[in-house]
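Right, one structure below, let's go through it.
Residue numbers start at 1 and run along the sequence shown. Computed from a predicted model, the values in this text were never measured in an experiment.
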Amino acid sequence: MKNYLLLFSVFFFSHCENQTSSTNNEEEESAVEINETSEPKPLTLVWADEFDSNELNLENWSFEIGDG
């Protein structure tokens with residue numbers, strides 16, 4: 001009985017490992033295809049604040065006081 005359990009375990013885990021690697025390979029191949037065929041979109045700056053002075057711009061920032 002122990003031999004059957006050992007044989008089943010070896011077969012089961014080796015089969016699961018093979019399925020996982022084939023799935024990962026398919027995902028990598030599709031990712032490569034997407035990157036090769038599509039051009040990257042240019043990035044757009046949404047918001048920025050330059051800290052040029054010694055004071056904060058209180059229109060953009062606020063203080064949060066906690067008990068920690």
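For W61, the side-chain hydrogen bond (donor to acceptor under 3.5 Å, both in side chains) test picks out D49, with sequence neighbours left out.
L45 and F51 fall into different hydrophobic clusters, defined by Ile, Leu, Val, Met, Phe, Trp and Tyr side-chain heavy atoms under 4.5 Å apart, directly or through other members.
Residue pairs meeting the side-chain hydrogen bond (donor to acceptor under 3.5 Å, both in side chains) criterion with at least one partner in residues 50-60, sequence neighbours excluded, do not occur; the list is empty.
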